Engineer: 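Following this message is one structure expressed as structure tokens.
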4 protein chains.
Amino acid sequence: TLDVPALHMTRPLVPGVYVPTMCFFEEVSEEVDTAAIARHAVRLARAGVTGLATQGSNGEAVHLTHAERQLVTLTTRKALNDAGYAHMPIIVGCGSQSTRETIQYCCEAWDAGGDYALVLPPSYYSSLFAPSNETVMEFFKTVASASPIPIIIYNFPGAVGGLDLSSDVIVQLSAHPNIVGVKLTCGNTGKLNRVAAATRKLSKTRDPNHPEFLVLAGSADFSIQSLVAGGHGILAGLANIAPKACIKTIELYKQGKYVEAQNMQEIVSEGDWTAIQGGVVGVKAGLQGWMGYGGYCRSPLPKPTGEQAKKWKEGFRNLVMLEKSL
Amino acid sequence: TLDVPALHMTRPLVPGVYVPTMCFFEEVSEEVDTAAIARHAVRLARAGVTGLATQGSNGEAVHLTHAERQLVTLTTRKALNDAGYAHMPIIVGCGSQSTRETIQYCCEAWDAGGDYALVLPPSYYSSLFAPSNETVMEFFKTVASASPIPIIIYNFPGAVGGLDLSSDVIVQLSAHPNIVGVKLTCGNTGKLNRVAAATRKLSKTRDPNHPEFLVLAGSADFSIQSLVAGGHGILAGLANIAPKACIKTIELYKQGKYVEAQNMQEIVSEGDWTAIQGGVVGVKAGLQGWMGYGGYCRSPLPKPTGEQAKKWKEGFRNLVMLEKSL
Amino acid sequence: TLDVPALHMTRPLVPGVYVPTMCFFEEVSEEVDTAAIARHAVRLARAGVTGLATQGSNGEAVHLTHAERQLVTLTTRKALNDAGYAHMPIIVGCGSQSTRETIQYCCEAWDAGGDYALVLPPSYYSSLFAPSNETVMEFFKTVASASPIPIIIYNFPGAVGGLDLSSDVIVQLSAHPNIVGVKLTCGNTGKLNRVAAATRKLSKTRDPNHPEFLVLAGSADFSIQSLVAGGHGILAGLANIAPKACIKTIELYKQGKYVEAQNMQEIVSEGDWTAIQGGVVGVKAGLQGWMGYGGYCRSPLPKPTGEQAKKWKEGFRNLVMLEKSL
Amino acid sequence: TLDVPALHMTRPLVPGVYVPTMCFFEEVSEEVDTAAIARHAVRLARAGVTGLATQGSNGEAVHLTHAERQLVTLTTRKALNDAGYAHMPIIVGCGSQSTRETIQYCCEAWDAGGDYALVLPPSYYSSLFAPSNETVMEFFKTVASASPIPIIIYNFPGAVGGLDLSSDVIVQLSAHPNIVGVKLTCGNTGKLNRVAAATRKLSKTRDPNHPEFLVLAGSADFSIQSLVAGGHGILAGLANIAPKACIKTIELYKQGKYVEAQNMQEIVSEGDWTAIQGGVVGVKAGLQGWMGYGGYCRSPLPKPTGEQAKKWKEGFRNLVMLEKSL
């Protein structure tokens, strides 16, 4: 365990590369593998990422109990602190179907050393929301008002039965003092552009290094596309495989080295195609194949066959070669 | 609490009307209202239903913690036993994303006095199932082998991102000794017909009053349609409003009084249209309007406006008039 | 060509089995094969079906030009008349995206000897319908008012991007004097029950042999399920393979021979599973395998491999054995 | 009519802004309004667009007969030629359900003076494609081999029941000598990046002003996002309202004036939100409100109420102010 001060420092949410970390399990028992989680967190921190996110889709949040979620976040926090990254923020996935459980997750995230809560809209009963946008906004505002940590809206229609938050809804929610950003996994960079522009114009301060409302792309294959649209970075599963390549792509762009950034983005996007197709199963196969750790997902997610594992590994080859050169 | 013997009697799964009971909450605190839950269970038992199901969609399972689920099931069990319905079975919704949590729910259901587990397939990562049917079948077989209580497959594509189990998959799963039935909420009575025929032919015994594999319709608006197709009854939310009408429709049919059954089915189907449109929100409004209890769903589900509540109430008028006459 | 009198007799729309006929093509040229179309129509008529429907999904309407559609309908009409079935009605698929082309199809259907028009709602721009139900109802009413032949509403969400007409919409449309029936391919027998009940109650006459508004099931695997719900018959692709079995199932039910009807329904539902999975490709493979004609669909629909063709053929075996015994 | 030489010049497909032109109709008769079509085409040409596209979604292709489609394309060709834009290419929407009708549309497009065919994959029977990608690729290759004009692949899942072509499929199809580009309306700029990178690497020549395979964004709200990802321009409905703003945004970016490009992109994206929500109905209301022409769509598309029309007009205000200043 950690001292309270070490748990709860002020860790600002700044532009950069955030990694939704994988959750690792022991092979037969499927128990949480805290050693692997700690090692992975430190590897990513050393690569220079801006922050980590536990309990996203890549972290198999839906496969974890409340207690396990806290264990994972606390393990990550402690590993970072022990390795000298006490200032690195942790975002914690906290979405749930009920308002009250979502708030509970936010509180538990805070207790475990989390700094920000990434919140999906509820969707199980979305056909009963009336009117739909009002219910969704009421949900986010109630959660944000009750949460001990700030909220990042998570727009990922594929995970919530197609429910897709519009730029209008996100911009309205950005007015809440405890809603501080959005992750757009929809891939809609037109929406991202509208959200980035509107929230920037509504800001009191206009420091591009410390935006009041952080707009993150949800996949690495549209990193520079989101930057040119006014986005501030990425929160992307591919960075589990190749954090340095993700970071370098963004740095090159920000330094005005557009051709180099574009060249690197192409390699990143090619690698991301494997991550998109393989999901957590494929990314773990890639980690196992190239870095020697990763293992398998919890059941019922299938273990890849030898042939599948080889295919996922090969899909990351060019990207891993780049990563190793950085 | 109950004695273990009172908790765990043998309660066979026989044809009839099963009710996925609503879960009730106190208005401001949104705490579980055990008094209302107990009263409602007894009202349904006295109306003559065959069994109850806690933690279905109507029971707001996704809004409940593990502990609350056990509280609801145990409250229901105790209320039934206290009122003289110790032999009435309780089905408990146990679906979850991970195999291990699904098994945990099954164990907890058993601990709380549940007799059968109603299990949805996992869907969050369904695009990674490979091949899809294999992963789903492996999931059900693993759960069934580990569960202390028998499994009823729950096919409800609308709740799991469109994942729709085919008759082939269901028939194959029926071979597992601990998988004893299916609830088809898809409304596909052709599939129901194939499942009922194939599982009947695979049975060792052919007693229509004690089928080895129970096939239930998931909505009251296709009660007699499922009976004529070889189904054994319903597990339908509308029976929260009008249990006697649901029972009588099926009884009339089984007695060969087809015209009377059809006439009653028409009133049931008309009432069900309101339940389908209003979902848990509308059914609670109906209970509140006609029976004086029901209250509201947990947030984020909206409380109906006065006008909406009136509309839901009116939608059930004909059905409630019928119910009161029975 | 036919005399006008022979084209345009009064052919009432009565309960029974209607067949959405396949359209046949020559193998290399993919030209319309009028000889096969004529032979198939007469085979079905001799089997005792109530009517035929050209240019449904089974008739590959979307693969045919206006002129070809008229050729197919006229060929069917002429074949029926020549074989002594001048009184048998033909329903013609007339759905299109614009109101004006839908009306044009209705007029062309009439010109070619069609008696009724089966009309899908438009869907390409359905997100712009405002409000959705109003636009859809206005469409149907405008078409019905302009059409020289009566309209049958076609509810098939799978063919129109998920647009699903509610019982409320269908019942309201039934009030139009030139809208005379509905085909429900959605498989929702609760909706079918509501539509059948409401339209029967709104009828001036109540002759069950001549309902004012005909309610047809869109698949053979819910034939008796729809009858018990108040439906009047089927318009189902499987009848291309096994018209007698489809007819006999319904006759047995109407004669009160419920057990025999149920037994036959089970064989029909089993066979229909192959038709549902294989669609027009599988049904043609079944015709070719068992009856020696059928051929292939127009490109881009694939020709089945030898193995696939064998699988489709086998899927119909039990049903074809039954058919041959009748 | 035009001389054959004037119809069929060589008009290269180069990077830039292409406009899927609206189709205009007379108000009561809903007949094609050739005068408005001609005037609109010339307005866009004078604004400096690179090319026009008839019979896209904005051109209400699904509401037009074969003859009307030719009339619209020929009217557009003639208007451009008469106004001195004989060298401006016209892309013609040619997608259809059958291979043969798609080829027919390509031939008719050529006859009417069209230079390129924009082709959606067929989707009505897509569940029968086996395997799916093979059938789709076979379709495109057969069409491309038979078409007198080159093919541009149109990826717009929303118009074809969710069928979404992957980067792998598009890159493979790019190898066909008569498939020369793709329009990505899916908004997936990661896919766009992969397609642009792979097709550039497969090119024999690498002249960025004359790419062998043209990659176009399907909406204006991701113009510079697609450029930074290697795309070559847009084919976007918003350019019907504000062609100069769309062009200037891209020019500024290509000139390296990134801040100015980003500022203008924000106004374009804001305006596009109205075009996305309002579709053809809203864009016509915008044209009518700001430019005094546009009228209404063909039935069943609704005519906006006065209030709706005002809302659509207002949504374009900032964009139109920008447009008028250019």
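The model shown is predicted, which means the values in this text are computed figures rather than measured ones. Proteins get letters first, then strands, A, B, ... in listed order; numbering begins at 1 in each.
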Engineer: Chain A heavy atoms under 4.5 Å from B:Glu134: which part of the residue, side chain, backbone, both or neither?
Structural biologist: neither
Engineer: Measure B:Tyr124 against the heavy atoms of chain A and call it side chain, backbone, both or neither at under 4.5 Å.
Structural biologist: side chain
Engineer: Tell me, for B:Thr102 versus chain A, whether the close heavy atoms (under 4.5 Å) come from the side chain, the backbone, both or neither.
Structural biologist: neither
Engineer: Hey, which of B:Thr65, B:Leu301, B:Thr135 has the most heavy atom pairs under 4.5 Å with chain A?
Structural biologist: B:Leu301
Engineer: Is the backbone of B:Asp221 close enough, under 3.5 Å, to the side chain of B:Asp272 for a donor and an acceptor to pair up by distance?
Structural biologist: yes
Engineer: Which class fits the ring pair B:His40 and B:Phe24: parallel under 30°, tilted 30 to 60°, perpendicular over 60°?
Structural biologist: perpendicular
Engineer: Between B:Asn240 and B:Met22, is there a donor-acceptor pair closer than 3.5 Å when you use the side chain of the first and the backbone of the second?
Structural biologist: yes
Engineer: Among A:Thr142, A:Thr99, A:Val160, which residue has the highest count of heavy-atom pairs closer than 4.5 Å to chain B?
Structural biologist: A:Thr99
Engineer: Taking B:Gly295's backbone N and O only, do any of them form a donor-acceptor pair with B:Gln288's side chain (distance below 3.5 Å, no angle check)?
Structural biologist: yes
Engineer: I'd like to verify something: which residue of B:Ser57, B:Pro122, B:Cys297 has the highest number of heavy-atom pairs under 4.5 Å with chain A?
Structural biologist: B:Ser57
Engineer: Look only at the side chain of B:Arg100 and the backbone of A:Ser299, and say whether a donor-acceptor pair between them is shorter than 3.5 Å.
Structural biologist: no
Engineer: Going by heavy atoms in the side chains, are B:Ile153 and B:Lys183 under 4.5 Å from each other?
Structural biologist: no
Engineer: Tell me, side chain or backbone of A:Glu30 under 4.5 Å from chain B's heavy atoms, or both, or neither?
Structural biologist: both
Engineer: Tell me, side chain or backbone of B:Val143 under 4.5 Å from chain A's heavy atoms, or both, or neither?
Structural biologist: neither
